[in-house]
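I have placed the structure first, in the form of structure tokens, so that the comments after it can refer back to it.
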Amino acid sequence: MATSTPQFVASPQQARLPYPYRPEADVVAQALAALEGQLTWPAVIAAAAPWVDAVRDKPAPFWAMESLLREYPISSAEGLALMRLAEALLRVPDVETAIALTADQLGRAEFDSDNVADGPHKMLAGLSASAISLSKKFLPGADEEAGILKRLGAKTVVAATVRAIQLLGRQFVLGRTINEAMGEADSQRKALGGGRAEGAGLRFSYDMLGEGARTEKDAERYLASYANAITAIAGGRVAAAPQTADGISIKLSALFSRYEDAQRERVFAELLPRVWALVEQAARANLNLTIDAEESDRLELSLDVLDALAARIATTFPAWQGFGLAVQAYQTRALAVIDEVARIARQHGLRFMVRLVKGAYWDGEVKRAQESGLSGYPVFTHKQHTDISYLACARALIQHADVIFPQFATHNAGTIAAILQMARAKNAAFEMQRLHGMGEGVYREVMKDPAVGCRVYAPVGEHRDLLAYLVRRLLENGANSSFVHQLADKGVEVDLLLASPLAWVGPAPFPQPVDLFPAEGGLVRRNSTGADLACLAERAPLDRALAATRVPEVAEATTAAVDQAMARLDAGFDAWNAVPVTERAAIIRRAGDLLDARLPEFCGLLVKEAHKTLGDCVAEVREAVDFCRYYADQAQLKLQAQALPGPTGESNELRIHGRGVFVCISPWNFPLAIFAGQVVAALATGNCVAAKPAEQTPGVAARMVELLHEAGVPADALALLHGPGETVGAALVADPRTAGVCFTGSTQVARIIQRALAAKNGPIVPLIAETGGLNAMIVDSSALPEQVVDAVVQSAFRSAGQRCSALRLLVVHESIADGVIEMIHGALAELRVGDPAELATDVGPVIDQEAYDNINRHLERLQREARLVGRTVVRSGFPRLIAPAAWELDKISDLKDEIFGPILHIVRWNGDVEAVMREINALGYGLTLGIQTRIDSRALRLAKLARVGNVYVNRNMIGAVVGVQPFGGEGLSGTGPKAGGPHYLYRFCAEQTLTINTAAAGGNAALLAGLH
Ligand SMILES: Cc1cc2nc3c(=O)[nH]c(=O)nc-3n(C[C@H](O)[C@H](O)[C@H](O)COP(=O)(O)OP(=O)(O)OC[C@H]3O[C@@H](n4cnc5c(N)ncnc54)[C@H](O)[C@@H]3O)c2cc1C
């Protein structure tokens, strides 16, 4: 995108804020201390109670969000159906899918149009409720073929439901275009009436709706739309003051698809010039431009952006006071953010406008912390803590009034009354803010005070762009803890509704990320520790380890060494197998803890030896830790002797023990996780292990073996045998002392092993084989294209496509295929391919020259047989880089072999989705499958039909978590049982039934003694 703006260059990253995962109680205590003596809560209640009473006396119309959610709470089937329809229905382009989606969602709910109360909007209320209940009569059942008459009826009902959702959505959108929105804003201003103090009254901050940018094209579209909006808002005039004029809110994630900490250089070089173009426009018109607050892992980056822009504003528009950003009080670092923003303002001699919000992504933040095994939550876990933080931040903003114009965004009457109390005590200038469609009743009352000004955050956009925003608001309003929700419920006493959050400090209502897993059989498994790569304090040890780590040299084993090792292990078996399972489990658990503590060192090794990106390395070490802890627990739980029922005079017991020497052969693509998983499963069950790592990655394996010995695994129970598969691997498989083989790798090698085992004399031994897949993702037209593309990019290209679970074949519905393909094309252009040691690298090299040549041969074939959809430009000279690419094929069966690289194949489908599933099954592999649909019953039907081991609905299809998504497939993809699952260990075991005739010594003493 061409701009005449001088370059922005990334400043060195600095830690501006405290650690995000400090104990919550400490942070709350700090906020409470800041509020000491600042607030009189009885006065807050006295001010706010009449507002509440007045709002409750004039209940919102039926179709308003509050009423609708009271009628159909999101915790009910009806509320959930409504939310899901609202999210998806308007974007579905084809009638068939729209009917299926509506039938699916409404089929599971009990809507009743008779419940609609009388009122001025009876007609509208009637429409939505009757559309919903009518649907049940006309729509085909999920499994039922639609007859022609039913189809006609169904179309009408779908149209009515679409209309009802459009009307619902309109509650939250001020206009479809900026001009329409501005017209509506003027009407609202007029309705409020004049006669107000200077600075009071109603003003607007317009927000151009849409999902975040996935491509450069998206970013250009948003930039144009923001620029156009600022021009319209300015109307060719220069406003008297940004504090009293309408303004704009912008999302940085809409202006750049890679607005993330890892892409810092690009954020400065590419995003900042775009923001600057908007800043210049807003500054010239003297308007307020606010940067919206997004996810917590972008918080520090957003301050760097603010600082860089402020430096340029200070020289270009020093008198402008309209620049600002939103701060989320639910973040544990919120207070520090405010101080830092004030510091930046002072440093540059500017005055900012700061909007204080509580925060809109709370559920997402909690989920991310749990998934990533973070050392805490970056947000508060109690609503009261957020409220306390909000008030402490409000006080801080008021204190910084010389450099900050505070904008308090809340719909909570208690919070509003508390703010007014604090602001008036200091005689501070400020404004209140609310979202369009929310809090109207409360602000009608609050603004009866002619000194209070309020800005309305006003989304502008078409229905298609409204959906994600609408769902956020549905969730926000639907949450039981939400003020708006409770305000609508007269059952909640006013005193309770306005109760003071101060002095309320409680323990987290759900476990910390590390304590995620519930106890099983009295054993508590700790979640593996992750690392927040956006946090300098957590990344520094990884950077240091990366610089310091050397990959150890590992000598290849000779045939004689293999023989010696097998003899030693065979001799060591009885002793290791005799160690009580609890002791073996304790050793494996200790290994897990050691590994957990050495995350940085192992990440360094993985980057250096396996050329994995840092994010992938963290995930891999965590998986290995999880394997240790999970299999230790499973062994302890599952390997206990079990008494069995039988006739009197006899005892029966089933005992489980190791089989002997297990040969574990692992691949290079997960040189730690798969290696460790196989080895510790075999060890935990009492087997001795001959571990053969992949030829490319013996160093990681050697370190893991050292660690296992350090944890207490005896030398005679585990041996590392590095060398080629053809010699070392073959010798191990052929060895008569081998009691079982656990293999992960290609289907072809699994077959060779199977044949070798079958051909040799001696014991018949089990083979556990996990092999590859031709993994597909089926996308129907109810799916959200942005979510699909996110999942596709992660599943197909992460780890350079070198995962068995990776997506190879995207099967996308014809009606949305063009749009999805265009977005994939754009997303490919945004990937960074290069040195895996660099944080900004998304895709590193493939493992070796052989892999590189194989993929290139496949690409030559695609060149002849397929159409190129898009390809990343490789700008790095790092060796063995394959440009991630997507190719379109004519049909599913055109894909024949698994290509282990960042190559995606795309096929369009139309007609019967179940036939598509059968075609995928016919490929013969059965590892992973992705399904993207909002039709729940369809997802379940496809999953049932699929002959694959792991099915992922509406998410990516990689990164199976131990004990959560046991991993492994069927058919050409492996034998099972699934790794990381509850049935895995049994395959490593031999069983013995011990039957003792307790009456052998002459009679049944127990029976006679009455002990039966
Ligand atoms: C003008 C305006 C602009 C906005 N801009 C942004 C923005 O840029 N970025 C953004 O993220 N949001 C933004 N929001 C949305 C805002 O975050 C929510 O509207 C707000 O949180 C609702 O708070 P409340 O005081 O109205 O309601 P309340 O009901 O008093 O508070 C609800 C809030 O409490 C918090 N919460 C709920 N449960 C818990 C819990 N268990 N533990 C901890 N906290 C909890 C959540 O933040 C939730 O949103 C904006 C809102 C307005 C009015």
Side-chain angles (χ1 to χ4, degrees), residues 24 27-28 31 48 65-66 172 174 202-207 247-254 288 290-296 298-299 302 324-332 334 337 353-366 369 377-391 393-394 406-419 431-440 442-443 454-459 469 472-489 492 497-499 501 504-510:
E24 185 167 349
V27 186
V28 175
M65 181 66 83
E66 296 95 304
F172 290 95
L174 201 59
L202 209 54
R203 51 233 177 208
F204 291 79
S205 187
Y206 298 96
D207 159 52
I248 189 146
S249 294
I250 62 170
K251 278 195 179 49
L252 299 189
S253 62
N288 174 204
T290 300
I291 296 176
D292 278 348
E294 301 188 61
E295 289 79 4
S296 68
R298 293 162 163 165
L299 178 60
S302 71
L325 87 167
V327 175
Q328 295 157 324
Y330 68 12
Q331 293 218 33
T332 56
V337 173
M353 296 171 82
V354 174
R355 173 201 302 152
L356 184 62
V357 303
K358 287 182 189 170
Y361 312 101
W362 182 79
D363 50 333
E365 296 286 0
V366 170
Y377 294 104
V379 293
F380 295 105
T381 61
H382 281 284
K383 162 88 168 58
Q384 287 90 337
H385 292 175
T386 295
D387 287 343
I388 292 168
S389 169
Y390 191 92
L391 295 173
C393 289
Q407 302 170 297
F408 299 112
T410 173
H411 312 103
N412 184 322
T415 313
I416 299 170
I419 300 277
E431 71 178 16
M432 301 305 300
Q433 295 196 347
R434 67 171 176 83
L435 297 175
H436 171 62
M438 281 177 67
E440 275 147 333
V442 170
Y443 275 98
C454 180
R455 188 181 301 266
V456 179
Y457 185 92
Y469 179 83
R472 266 289 113 214
R473 300 287 85 87
L474 276 166
L475 277 170
E476 188 170 313
N477 284 279
N480 285 338
S481 63
S482 145
F483 180 85
V484 173
H485 183 90
Q486 296 187 28
L487 178 64
D489 180 359
V492 180
L497 182 66
L498 297 174
W504 203 97
V505 184
F510 39 79

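Whatever order the structure lists them in is the order used to number ligands and atoms, beginning at 1.
Within 4.0 Å of ligand 1, contacts by protein heavy atoms are made from D292, A293, A326, Q328, Y330, R355, V357, K358, G359, A360, Y361, W362, F380, T381, H382, K383, T386, A409, T410, H411, N412, Q433, R434, L435, Y457, R473, E476, S481, S482, F483.
A search for side-chain contact (heavy atoms from CB on, under 4.5 Å) contacts involving A394 returns L356, F408, I419, M422, not counting sequence neighbours. For the side-chain contact (heavy atoms from CB on, under 4.5 Å) test, residues two or more places apart in sequence or in another chain that qualify with A369 are L374, Y377, P378, P513. Taking A48 as the reference, W51, A413, A417, L498 meet the side-chain contact (heavy atoms from CB on, under 4.5 Å) condition, with sequence neighbours excluded.
A donor-acceptor pair shorter than 3.5 Å can be found between the side chains of S249 and S205.
Of all heavy-atom pairs spanning S481 and K383, the tightest one is O-CE, 3.4 Å.
Geometric assessment of R455 against the ring of Y457 yields a negative cation-pi assignment under the 6.0 Å and 45° thresholds.
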